[in-house]
Enquirer: 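I have a structure I would like to understand better, so I am pasting it below and will then ask my questions one at a time.
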2 protein chains.
Amino acid sequence: MHPFHSITDVERETGIARDTLRVWERRYGFPTPQRNQRGEREYGQDQVERLRLIKQLLDSGQRPGKLLPLNLPRLHQLAQQSHPQQSLDVDAEQLLNLLGTKDSCAVRHRLEQLLHQHGLRLFLTELVAPLNHAVGEAWFHGRLGVLEEHRYVEELRSLLTVAMQSLPSPRSGLRAVLTTLPGEQHGVGLLMASCMLALEGVEVLQLGVQTPLEEISRGAVENRCRLVGISCSSFPQRRTTTSQLVRLRTMLPKEIDLWAGGSGVTGLPAMPCGIRLFSDLQQIPAAVAILRSQTTAEKPTAGAVD
Amino acid sequence: MHPFHSITDVERETGIARDTLRVWERRYGFPTPQRNQRGEREYGQDQVERLRLIKQLLDSGQRPGKLLPLNLPRLHQLAQQSHPQQSLDVDAEQLLNLLGTKDSCAVRHRLEQLLHQHGLRLFLTELVAPLNHAVGEAWFHGRLGVLEEHRYVEELRSLLTVAMQSLPSPRSGLRAVLTTLPGEQHGVGLLMASCMLALEGVEVLQLGVQTPLEEISRGAVENRCRLVGISCSSFPQRRTTTSQLVRLRTMLPKEIDLWAGGSGVTGLPAMPCGIRLFSDLQQIPAAVAILRSQTTAEKPTAGAVD
DNA sequence: AATTTATTTTTGTCTAGGACAATATGCACC
DNA sequence: GGTGCATATTGTCCTAGACAAAAATAAATT
């Protein structure tokens with residue numbers, strides 16, 4: 001009926017905290033919501049759009065002081081500049097186009113085709129990883145909507161879930177807990193990492209998203225896991241990621257490795273200690289190999305741990 | 001290191017809004033966090049536990065005024081009373097026990113066994129639905145941890161995803177968009193509903209969780225869906241669910257049905273109009289049948305719509 | 001006695017403007 | 001070009017008050 005959004009709505013839709021929205025209004029004069037009878041803010045659709053765009057630009061490194069005074073055209077202009085169209089694999093490009101059409105089966109079929117053609121590992125590293133990024137960018141530029149993005153994610157999730165089921169039962173010996181931090185909602189990166197580890201013969205204990213740190217730690221210990229993997233997408237504040245990872249590190253026994261990867265860790269301010277950051281899925285096989293050689297080497301010489 | 005949580009942490013871990021935490025402190029004298037140098041609240045682990053329990057009791061219909069003055073033993077006592085152990089199917093009971101053990105494969109295998117034994121539909125309505133509830137309760141009573149719950153959810157998700165893939169391609173004619181409202185994070189109910197619809201030959205467009213209302217509407221229209229299904233789990237405020245559903249209803253063309261189901265809609269204060277609430281998965285087949293007969297009946301007599 | 005209607009209490013969310021530390025930026029200096 | 005320090009920017013937290021929606025209770029009606 002009335003196209004107005006409360007401050008809580010806007011917080012949910014843009015990912016910008018209520019306090020931040022209010023302080024922006026005070027400091028920069030934007031947004032400028034109307035007020036209802038009760039004196040509460042009512043954001044119009046246009047302001048929400050603009051805030052969404054601002055949020056995206058912020059996440060890509062821009063600063064609020066520059067961004068908030070700009071009008072919509074200038075913001076779009078900036079979006080163009082800061083995220084130039086990147087060249088893409090021909091397959092990825094094709095899929096991106098398919099996503100834009102109404103035909104959802106086509107996307108599914110093409111993904112399956114490519115999976116069988118290249119095998120799971122290459123499919124993940126060469127196609128899905130860049131495609132994920134490209135889908136995000138396409139949304140950023142307004143080429144795809146949230147709808148298309150969700151559809152893509154669901155197709156991929158389903159495809160990878162099925163693919164992982166049909167992998168041979170891992171030769172035990174190396175077990176891993178895989179999950180995301182509390183607050184993190186995106187599960188596709190997690191699934192991709194699970195696949196990569198499973199491909200290396202690691203027995204993966206997938207816990208889904210948003211596991212409390214205490215439970216991650218308990219799960220790793222109780223199941224005698226050698227390693228904990230955390231998938232991090234973009235987070236509201238990057239220092240949240242860091243502090244949570246550090247806290248998890250202190251909770252885990254030191255003989256359990258802690259790995260973190262995903263777009264949320266690239267450009268993270270260098271971990272203090274004992275946390276391995278992955279900027280790329282492709283680093284996983286080598287890391288697993290090293291871990292495996294370490295573990296088998298250590299096994300015979302028991303003890304020597306205080 | 002230091003076992004203290006900021007107010008944001010507590011908000012994330014308990015699902016209680018910051019403002020609410022502060023106002024409780026003011027009104028009821030609980031929680032009573034310490035303050036750090038800067039004067040900021042620091043909640044100890046015990047207070048967080050207590051708040052979690054309080055949140056659970058609130059969700060089950062208790063009132064803050066009664067709950068907040070109570071100490072921990074009394075809260076547990078109340079939890080026992082308000083959620084008496086229910087009798088369970090022998091299969092469900094067995095699975096609940098398996099979940100408590102470390103052996104994750106056993107859960108998986110037993111679920112698969114039962115799925116093949118009963119078929120997907122009975123598996124969902126007779127086993128999974130009550131088991132979901134039982135797992136929630138078991139967590140409530142401290143019998144299972146978050147870890148076990150997550151493991152269960154992931155196994156189920158994977159199992160149902162695979163099962164849905166192996167269903168025959170739906171005979172087209174009836175198409176549905178299925179998703180959850182913005183803010184809703186739980187996707188299992190969604191997957192179960194998708195399965196039920198797919199079993200009835202409905203072509204399901206799964207959009208995953210948290211789709212903005214505008215995008216739900218757009219997806220339904222663009223893909224010529226006859227119906228939109230929303231899966232609602234427990235929501236912070238129930239009126240949020242209502243208002244969002246009503247808003248979605250107004251956005252959708254009136255020839256598209258809107259269905260909502262899940263634990264979040266039971267006991268919801270009667271929808272104004274044009275929204276069908278499902279308290280049970282079993283109601284789905286009949287509703288689809290009716291819809292199908294309506295649609296085929298209407299098709300020939302085109303027009304008569306302003 | 002049961003059901004409807006009015007009144008009171010409870011409760012979550014919103015507001016304002018101030019404060020401060022953590023991060024980023026600009027600039028002199030090596 | 002890199003390094004250290006002063007300065008500016010920015011998100012989050014604070015207090016305390018206000019108010020409407022929901023729930024509980026009381027009152028009035030059938």
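Every value quoted in this text rests on a predicted model; they were computed, and no experiment measured them. Numbers restart at 1 for each chain; the letters A, B, ... are given by sequence-line order, proteins then strands.
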Enquirer: Please report the C-alpha distance between B:E214 and A:R52 in whole Å, then the side-chain angles of each, then the deciding distance to 0.1 Å, and finally whether the salt bridge (Lys or Arg N to Asp or Glu O under 4.0 Å) criterion is met.
Expert: CA-CA 14 Å; B:E214 293 81 8; A:R52 246 200 285 259; 5.5 Å; no
Enquirer: Could you check if a side-chain atom of B:W139 sits within less than 4.5 angstrom of a side-chain atom of B:V135, using non-hydrogen atoms only?
Expert: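 Side chain of B:W139 against side chain of B:V135, heavy atoms only: no contact under 4.5 Å found.
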Enquirer: Mind calculating the distance between CD1 (B:I54) and P (C:dT11) to the nearest angstrom?
Expert: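 For the pair B:I54 CD1 and C:dT11 P, the rounded distance is 12 Å.
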Enquirer: Whole angstrom is fine here: how far is it from CD in A:E11 over to P in C:dT15?
Expert: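 Atom-to-atom, A:E11 to C:dT15, this comes out as 12 Å.
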Enquirer: How close or far is atom P of C:dT13 from atom CG of B:L58, stated in whole angstroms?
Expert: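 Roughly 11 Å, once rounded to whole Å.
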Enquirer: Run the salt bridge (Lys or Arg N to Asp or Glu O under 4.0 Å) check on B:R218 and B:E215 step by step: do they pass?
Expert: CA-CA 5 Å; B:R218 181 165 71 86; B:E215 298 290 306; 2.8 Å; yes
Enquirer: Please give, in whole Å, the distance from D:dT10 P to A:R18 CZ?
Expert: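 Going from CZ in A:R18 over to P in D:dT10 covers 22 Å.
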Enquirer: Any chance you could lay out the salt bridge (Lys or Arg N to Asp or Glu O under 4.0 Å) test for A:K55 and A:D59, step after step, and finish with the verdict?
Expert: CA-CA 6 Å; A:K55 183 62 183 359; A:D59 288 340; 3.4 Å; yes
Enquirer: Round to the nearest Å and state the distance from A:I16 atom CD1 to D:dT10 atom P.
Expert: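 Those two atoms, CD1 and P, are 14 Å apart.
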Enquirer: Would you kindly give the CZ-to-C1' distance between B:R35 and D:dC13, to the nearest whole Å?
Expert: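 The distance from CZ of B:R35 to C1' of D:dC13 comes to 10 Å, rounded to the nearest Å.
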Enquirer: Between B:E40 (CD) and C:dC20 (C1'), how many Å, whole number?
Expert: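 The distance from CD of B:E40 to C1' of C:dC20 comes to 8 Å, rounded to the nearest Å.
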Enquirer: Can you list the residues that meet the ring-ring contact (aromatic ring centres under 6.0 Å, His included) rule with A:F30, with sequence neighbours excluded?
Expert: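 Testing A:F30 for ring-ring contact (aromatic ring centres under 6.0 Å, His included), a comparison that skips the adjacent residues, returns none.
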Enquirer: Answer yes or no: does a side-chain N or O of B:R41 lie under 4.0 Å from OP1 or OP2 of D:dC14?
Expert: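 The answer is yes; a side-chain N or O of B:R41 sits under 4.0 Å from OP1 or OP2.
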Enquirer: Report the distance from atom CD of A:Q37 to atom C1' of C:dC14, rounded to the nearest whole Å.
Expert: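 Distance check: A:Q37 CD to C:dC14 C1' gives 15 Å.
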Enquirer: Show me, pair by pair, the donor-acceptor contacts under 3.5 angstrom made by side chains of residues 66-74 of chain A, not counting sequence neighbours?
Expert:
{"residue": "A:N71", "atom": "OD1", "partner": "A:R74", "partner atom": "N", "Å": "3.2"}

Enquirer: Contacts to DNA chain D from residues 20-31 of chain A, heavy-atom cutoff under 4.0 Å, which residues?
Expert: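 Nucleic-acid contacts, sorted: A:T20, A:V23, A:W24, A:R27, A:Y28.
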Enquirer: Any side-chain heavy atom of B:H76 sitting closer than 4.5 Å to one from B:Q80?
Expert: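 Result no, sub-4.5 Å side-chain heavy-atom pair not found.
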Enquirer: When the axes are fitted on five pairs at both termini, how much does the helix from C:dA1-D:dT30 to C:dC30-D:dG1 curve, in 10° steps?
Expert: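 Result, rounded to 10 degrees: 30°.
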Enquirer: Could you check if a side-chain atom of B:M192 sits within less than 4.5 angstrom of a side-chain atom of B:N132, using non-hydrogen atoms only?
Expert: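 Result yes, sub-4.5 Å side-chain heavy-atom pair found.
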Enquirer: Mark yes when over 12 heavy atoms from residues, nucleotides or ligands other than B:Q34 sit less than 6.0 Å from its CD; otherwise mark no.
Expert: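 Count not over threshold, so no.
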Enquirer: May I have the step-by-step check of side chain to side chain contact (heavy atoms under 4.5 Å, CB included) for B:T180 and B:H186, ending in yes or no?
Expert: CA-CA 8 Å; B:T180 74; B:H186 299 96; over 6 Å; no
Enquirer: Please enumerate all residues that pass side chain to side chain donor-acceptor pair (under 3.5 Å) together with B:E13, with sequence neighbours excluded.
Expert: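 If we apply the side chain to side chain donor-acceptor pair (under 3.5 Å) test to B:E13, skipping adjacent residues, the hits are B:H5.
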Enquirer: Tabulate protein N/O versus nucleotide N/O from nucleotides 24-26 of chain D, keeping only pairs under 3.5 Å, one per line.
Expert:
none

Enquirer: Where each residue is assigned the nucleotide of DNA chain C containing its nearest heavy atom, which of B:R38 and A:D19 is assigned the position nearer the 5′ end?
Expert: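 Comparing both residues, the 5'-ward one is A:D19.
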